[in-house]
Amino acid sequence: MDNDDIIKVCSWAMKKIKAILEDDSLEDCECFLRIEEIVKLLEAIGVDNAEDSNSQT
């Protein structure tokens, strides 16, 4: 993947995350469902749980 591809994927992911967070069909008590959807999205695009997240800015 080159930088342009990474930017496109990140932009797409951010739009999807924003849509999930703005989904008013979920009650506040169901916030964990929103988080779960975000995690699924990140996993689908190949984002792993990095051991050293402090190295990314």
Side-chain angles (χ1 to χ4, degrees):
M1 241 190 216
D2 64 16
N3 285 341
D4 289 336
D5 291 335
I6 292 169
I7 290 169
K8 288 176 187 176
V9 169
C10 290
S11 177
W12 174 84
M14 291 300 292
K15 288 177 185 177
K16 291 291 191 175
I17 290 169
K18 184 177 179 183
I20 291 166
L21 292 173
E22 292 177 347
D23 183 355
D24 290 333
S25 68
L26 297 173
E27 300 288 329
D28 284 344
C29 64
E30 296 174 322
C31 184
F32 71 94
L33 293 176
R34 293 178 190 211
I35 296 168
E36 183 178 21
E37 289 300 314
I38 292 169
V39 169
K40 287 179 184 178
L41 170 65
L42 293 173
E43 290 174 343
I45 63 171
V47 176
D48 294 325
N49 184 12
E51 289 183 21
D52 185 11
S53 61
N54 292 331
S55 65
Q56 300 176 0
T57 54

(message) Checking one residue: V39. Which other hydrophobic residues are in its cluster under the side-chain 4.5 Å linking rule?
(response) I35

(request) Could you pull out all residues at least two apart from K8 that satisfy side chain to side chain contact (heavy atoms under 4.5 Å, CB included)? (result) none

(request) Using the test side chain to side chain contact (heavy atoms under 4.5 Å, CB included), find all partners of I45 that sit at least two apart in sequence or belong to another chain. (result) V9, W12, A13, L42, V47

(message) Give me the atom names and distance for the closest heavy-atom approach of L41 to K16.
(response) CD2-CB, 3.4 Å

(message) The criterion is side chain to side chain contact (heavy atoms under 4.5 Å, CB included); which residues satisfy it with D5, sequence neighbours excluded?
(response) M1, D2

(request) Please determine if E43 and K40 form a salt bridge, counting it only when a charged side-chain N lies under 4.0 Å from a carboxylate O. (result) no

(request) Go through the structure and list residues passing side-chain hydrogen bond (donor to acceptor under 3.5 Å, both in side chains) with S11, not counting sequence neighbours. (result) none

(request) List the atom of R34, the atom of D23, and the distance in Å for their closest heavy-atom pair. (result) NH2-O, 2.9 Å

